[in-house]
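Report on the structure given below.
Note that these values count all heavy atoms, side chains included, but never hydrogens, waters or copies made by symmetry.
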Amino acid sequence: MINKVKNILVYMFCAFFAICFSYLLANILLKNSEYNYKKMTLTVFIVISVSLLAFIYTRLSKHEAFFIKHYKPILAAFLSIMLILQISFGLLLRFKPDFDMDSVYQGAIDWVQTGSFTNYYNYYYYFPNNLGSMGFLHFFFKIASFFGIKDFFLVGMLLNSLLSISMMFVVFQICKRVLGVKQAVFSLLLFAVSLPFYFIAPVFYTDALSMFFPVLFYYLYLIWKDTSELKRRCLLCFWMGIAASIGMEIKFTVVVMVIAVTIDMFFNVSWKKSILTNVGIYAIILVCFAGFNGYIYTYHLDKEQARLQNDPYTHWVMMGLKGTGGYNPDDYNFTRSFSDPDERRKATIEEIKNRVKDYGADGMFKFLTQKGVKCLGDGTLGFDDFLADRPDRNFLHKYILSDGEKYDLYRHICEAVLFTIMFFMIFPALQFIFGKEKYSANKKSLTPNSGKGENDYINLAPMLAVFGILLFLLAWEANRRYFSNFIPVFIICATLGIDYFCVLMSQFAELIKFGINKISKNSSIAK
């Protein structure tokens, strides 16, 4: 009975997942007024991207034995080349941070050099969510200072590149563990064609810095599931809690993966193990957050002052319900016009209710569609928000900055690749709905097993995480950067779907061939 209920729930989720992302992709392609893509150009690029990646994957399939034998040097070579390219491009793209990144970057430097970040106290009273990323940079800047290194921008770039490369390594290991070497190599190909990853090094802000942690948490979970020894399970549980804590301190949206894994556990693991493990993980997270906040508000910031100045979380929900859902200075003025924190929170909640009521059901649906396109409709990951801050311009800026001569080409390529990744990630859901009985090309695909209660829905967590970040973005302030730390999870889901996509295309080709042959045969008989 329980397994039947699980099966129904996963069916419903997969159907909703496929419908939501299909609808979103259609709107990104056909109604993308937010970014004004040239529809015909983008369509051509998408067709080329989908066709080329699918073709390369079929070639990989024909040489699977080679990749199984040589995947280690291939992985090492790919990561080494990517690291060199990231650092090389990073040196060419140095800039002078401004606004939020300046507060994180310069605050960390001040903390190293003076023992505190006094000049940025007022900023962090309003935006305590960035304390974790500043503290993270401070830790590595402090280590660098012990060796006499004073170029902290270079340190930030090296740190960000190493995190990015580590993330790619973990994604490879996840795909290898869940699917196989062939699919793991394909995940590297998706990184290789995603152009923003070549320019990520200097953008060491919360989005890029936290990118490593959702996939690390999921990878540790996969190892935990395959471990029977109690002591090792407890150790993995501890490191899962640490990985989640660091990631959530840098950017709180990492919690989406934590929640996704929690749900996955209750589908795939016994209730007793799930409850005990989750209690352990969440306890570690609470202890880490309490320890960090206790330190900050004991030695640096005043807790009462923070209570009086902090913008309530409802402010960003309220701001996400006006215009196109993005940054709105008028809403900041409205929120901060209330001096009492309780009044401030109540006023924003009341305004949320009024805005939802004004939209109505139909208007709200259209607004959320537009907001989804704004959040997920730009393949550049918004890196130029930072790279345009007082750079020393060179040939690269012609491509990657919005005022550059070649930016139009760059953004269309980036969007075509992102669209392709999102298109492929629909297919694990379709496989569960339509292909679980017929398609068994990989025994580790997203299908129930014999129903013994362990590993029934082995690839559920990445899809839950992708869907979770979409829900968060629809509720929060809209920004084209805010989903970027989950791009590695998107790539995992796309890799999960590539096999089934190729199977369907093969079946479609056979159907066309059969139809042509039948028509030819009938024509011959008629003659």
Task: Side-chain donor/acceptor of Ser194 to backbone N/O of Leu190, under 3.5 Å - done: yes

- [ ] For this output row, return yes or no: ring centroids of Phe483 and Phe490 closer than 6.0 angstrom.
- [x] yes

- [ ] Give a yes or no on this: more than 12 heavy atoms of other residues, nucleotides or ligands lie within 6.0 Å of atom CZ of Phe67.
- [x] yes

Open item on the list: Check whether Thr58 reaches the backbone of Phe55 with its side chain - one donor and one acceptor, N or O, closer than 3.5 Å.
Closed with: yes

- [ ] Without swapping roles, check the side chain of His315 against the backbone of Asp311 for a donor-acceptor pair under 3.5 Å.
- [x] no

- [ ] Assess the pair Phe467 and Phe13: is the distance between their ring centroids shorter than 6.0 Å?
- [x] yes

- [ ] Give a yes or no answer on whether the side chain of His397 reaches the backbone of Gly404 with a donor-acceptor pair at less than 3.5 Å.
- [x] no

Task: Those residues that, when tested against Tyr327, pass side chain to side chain donor-acceptor pair (under 3.5 Å) (two or more places apart) - done: none

Open item on the list: Given Phe199, which partner from the list Leu85, Ile400, Leu381, Thr380 fulfils the side chain to side chain contact (heavy atoms under 4.5 Å, CB included) test?
Closed with: Ile400

Open item on the list: Does any part of the side chain of Cys375, heavy atoms only, come nearer than 4.5 Å to the side chain of Arg480, both counted from C-beta?
Closed with: no

Task: Cation-aromatic face contact Arg411/Tyr35, 6.0 Å, 45 degrees - done: no

TODO: Starting from the C-alpha separation in whole Å, work towards a yes-or-no answer on side-chain hydrogen bond (donor to acceptor under 3.5 Å, both in side chains) for Ser103 and Asn130.
DONE: CA-CA 9 Å; Ser103 299; Asn130 278 343; over 6 Å; no

Open item on the list: Can you list everything that forms a side chain to side chain donor-acceptor pair (under 3.5 Å) with Asp151? Sequence neighbours excluded, please.
Closed with: Arg94

- [ ] May I ask you to decide if Ile28's main-chain N or O and Tyr37's side chain share a donor-acceptor pair within less than 3.5 Å?
- [x] no

Open item on the list: Please check this pair: side chain of Tyr407 against backbone of Lys398, looking for a donor-acceptor N/O pair closer than 3.5 Å.
Closed with: no

Task: Atom CZ of Phe99 with >12 non-hydrogen neighbours under 6.0 angstrom - done: no

Task: Carboxylate-amine/guanidinium contact Arg481 Asp384, below 4.0 Å - done: no

- [ ] Would you please say whether a donor-acceptor pair under 3.5 Å links the side chains of Asn27 and Thr369?
- [x] no

Open item on the list: Under a 4.0 Å threshold between the charged nitrogen and the carboxylate oxygen, would Lys96 count as salt-bridged to Asp102?
Closed with: no

Task: Check: Lys374 main-chain N/O paired with Asp378 side-chain donor or acceptor under 3.5 Å - done: no

- [ ] Check for a donor-acceptor pair, side chain of Asn160 on one end and backbone N or O of Ile200 on the other, with a separation under 3.5 Å.
- [x] yes

Task: Thr324 and Gln370: CA distance, side-chain angles, deciding distance, side-chain hydrogen bond (donor to acceptor under 3.5 Å, both in side chains) verdict - done: CA-CA 7 Å; Thr324 58; Gln370 180 187 19; 5.7 Å; no

Task: side chain to side chain donor-acceptor pair (under 3.5 Å) against Asp389, all qualifying residues, sequence neighbours excluded - done: none

Open item on the list: Main chain of Ile19, side chain of Ser22: is a donor-acceptor contact present, judged purely on distance under 3.5 Å?
Closed with: no

Open item on the list: Taking the six-membered ring of Tyr11 as reference, does the cationic atom of Lys6 (NZ for Lys, CZ for Arg) lie under 6.0 Å from its centre and within 45° of its axis?
Closed with: no

Task: Pair Asp264-Tyr221, side-chain donor/acceptor within less than 3.5 Å - done: yes

- [ ] Output yes when a side-chain donor or acceptor of Glu415 lies under 3.5 Å from a complementary backbone atom of Gly379, and no otherwise.
- [x] yes

